[in-house]
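Notes follow the structure.
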Amino acid sequence: MSDDDDLWERNAGWWQDGFTEGADAEYEEQILPLARECLAGAHRVLDVGTGEGQLARRVVQDGAAVVVGVDPTAAQLAAAHSRGGGVRYARAGAGALPFRDASFDAVAVCLVFEHIADHVPAIAEIARVLELGGRFVFFLNHPLLQAPNSGWVVDHILDEQYWRIGPYLVEDVAMEELAPGVVLPFVHRPLSQYVNAMAAHGLLVERMEEPMPPEGFLARAPEYRDAATIPRLLLLVARKLR
């Protein structure tokens with residue numbers, strides 16, 4: 001087990017308490033509804049980096065015949081199994097999916113690639129397990145507008161504020177403290193690296209969304225509402241063409 005894997009095992013409970021079962025407005029009001037919309041009509045769905053399975057369970061409720069969730073974190077999968085919902089689970093990382101070629105007609109990945117050291121093998125695996133014409137529903141923290149060290153700058157001379165974009169083109173790996181005692185790895189890479197890897201494996205982007213943060217998130221603090229026009233989330237929907 002790598003040090004990163006151990007961190008995810010140690011902090012699985014923090015994630016489950018703070019971001020699942022209705023606890024997080026961004027998931028409830030934005031991410032899960034968008035994912036369900038994009039996966040509508042899919043029959044065999046793979047949720048990569050499923051965590052405790054909240055997205056996978058919703059897809060089962062929407063009528064998909066087979067829904068499988070994979071995650072490398074045993075503590076997440078234990079919670080997923082305990083919460084039921086008709087999902088099948090397997091312990092695996094995104095770079096080595098334990099399925100045959102063309103096993104699924106849709107793959108979803110939700111806020112996972114920010115924590116993957118090498119995105120290319122993972123995208124290649126997603127393309128491999130998708131059938132021709134299958135959908136790839138891909139959520140990321142916005143690589144441009146949420147680049148490291150981005151945020152508001154207040155110019156007291158001009159009496160204005162503006163959103164500073166951090167060093168976007170520089171690939172960056174940082175250990176971020178998300179809560180007291182909760183430290184997890186975050187990887188920043190330019191959007192072009194994702195899109196070019198997808199193109200190289202036959203995944204054509206058909207839809208892109210940069211939604212405004214949802215009301216439940218904006219209501220948490222005045223500074224969040226000040227940044228209402230700065231998207232936190234990027235959604236790409238791609239189709240496997242070859």
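Within the 4.5 Å cutoff, the side chain of L97 has heavy atoms near those of the L46 side chain. You'll find the side chain of Q146 stays beyond 4.5 Å of the side chain of H188, heavy atoms only. Proximity of F136 to L236: side-chain heavy atoms (C-beta onward) are nowhere separated by under 4.5 Å.
Taking CD1 of I165 as the reference point, atom CD1 of I230 lies at 8.0 Å (rounded to 0.5 Å). Considering CD of E26 and CG of L32, their distance stands at 11.5 Å, rounded to 0.5 Å. Note that CH2 of W152 and CG of D226 are 7.0 Å apart. Values are rounded to the nearest 0.5 Å. Rounding to the nearest 0.5 Å gives a distance of 5.5 Å between CG of L184 and CG of L178. The CG atom of L169 lies 11.0 Å from the CD atom of E171; values are rounded to the nearest 0.5 Å. Distance CD/Q54 to CD/E21: 8.0 Å, rounded to 0.5 Å.
The aromatic rings of Y27 and F19 lie perpendicular to each other, with more than 60° between the two planes, well past the 30° mark.
With hydrogens and angles disregarded, no donor-acceptor distance shorter than 3.5 Å links the side chain of H115 to the backbone of V187. Panel note: side chain K240, backbone L132; no donor-acceptor pair is recorded below 3.5 Å. No donor-acceptor pair closer than 3.5 Å links the side chain of H201 to the backbone N or O of R128. For the pair D105 (side chain) and H43 (backbone), a donor-acceptor distance under 3.5 Å is present. Side-chain N or O atoms of Q30 include one that pairs as donor or acceptor with a backbone N or O of M212 at under 3.5 Å. A donor-acceptor contact shorter than 3.5 Å links the side chain of Y168 to the backbone of L191. The backbone N or O of V182 sits nowhere less than 3.5 Å from a side-chain atom of N11 that would complete a donor-acceptor pair. A donor-acceptor contact shorter than 3.5 Å links the side chain of E9 to the backbone of A74. One N or O on the side chain of W163 and one on the backbone of L145 form a donor-acceptor pair closer than 3.5 Å. Using a distance-only test at 3.5 Å, with no hydrogens or angles considered, no donor-acceptor pair links the side chain of H142 to the main chain of R232.
Of all heavy-atom pairs between V60 and G85, the closest is CG1-O, 3.3 Å. Between S150 and L144, the closest heavy-atom pair is OG-O, 4.1 Å. For H119 against A197, the heavy-atom pair with the smallest separation is CD2-CB, 4.1 Å. Here the closest heavy-atom approach between residue A56 and residue D47 is recorded as N-OD2, 3.6 Å. The two atoms that bring P143 and R189 nearest to each other are CB-O, 3.7 Å, heavy atoms only. Here the closest non-hydrogen pair linking A179 and W14 is CB-NE1, 3.6 Å.
The pair R10-D6 counts as a salt bridge, with a side-chain nitrogen and a carboxylate oxygen less than 4.0 angstrom apart. E37 has no carboxylate O lying under 4.0 Å from a charged side-chain N of R135, or vice versa, which leaves the two without a salt bridge. The pair E209-R207 meets the salt-bridge criterion, since a charged nitrogen lies less than 4.0 angstrom from a carboxylate oxygen.
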Test L34 against F139 for side-chain contact (heavy atoms from CB on, under 4.5 Å), laying out the working first. CA-CA 10 Å; L34 274 172; F139 288 92; 3.9 Å; yes
Between L7 and M175, is a side-chain contact (heavy atoms from CB on, under 4.5 Å) present by the stated rule, with each step listed? CA-CA 11 Å; L7 286 171; M175 301 301 296; 3.3 Å; yes
Go through it in stages, so that I can follow the logic: the residues are E114 and N141, the test is side chain to side chain donor-acceptor pair (under 3.5 Å), and I'd like the CA-CA distance, side-chain angles, deciding distance and then a yes or no. CA-CA 7 Å; E114 296 87 346; N141 287 298; 3.3 Å; yes
Run the numbers on I123 and L203 for side-chain contact (heavy atoms from CB on, under 4.5 Å), then give the verdict. CA-CA 9 Å; I123 287 175; L203 297 169; 4.1 Å; yes
Begin with the C-alpha distance, continue with both residues' side-chain angles, and end with the deciding distance and a verdict on side-chain contact (heavy atoms from CB on, under 4.5 Å) for D71 and Y89. CA-CA 8 Å; D71 201 281; Y89 292 104; over 6 Å; no
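Hydrophobic clustering (ILVMFWY, side-chain heavy atoms < 4.5 Å, transitive): L235 and I31 are in one cluster. Hydrophobic clustering (side-chain heavy atoms under 4.5 Å, transitive across Ile, Leu, Val, Met, Phe, Trp, Tyr) groups V205 together with L234. Using a 4.5 Å cut-off between side-chain heavy atoms of Ile, Leu, Val, Met, Phe, Trp and Tyr, with links allowed through other members, F186 and V112 fall into different hydrophobic clusters. Note on I126: it clusters hydrophobically with V68, by side-chain heavy-atom contacts below 4.5 Å among ILVMFWY residues. Placement of L130 and V109 within a single hydrophobic cluster is found when ILVMFWY residues are connected by side-chain heavy-atom separations under 4.5 Å, directly or transitively.
For the residue pair R91 and T73, no side-chain donor N or O sits within less than 3.5 Å of a side-chain acceptor on the partner.
For the pairing with E131, the salt bridge (charged side-chain N to carboxylate O under 4.0 Å, His left out) check across R239, R44, R100 returns one residue only, R44. Evaluated for a side-chain hydrogen bond (donor to acceptor under 3.5 Å, both in side chains) with E52, the options R57, Q76, H81, Q16 yield exactly one hit, R57.
Within 6.0 Å of the CZ atom in R220, the count of heavy atoms belonging to other residues, nucleotides or ligands exceeds 12.
Between F138 and Y194, the ring centre distance stays below 6.0 Å.
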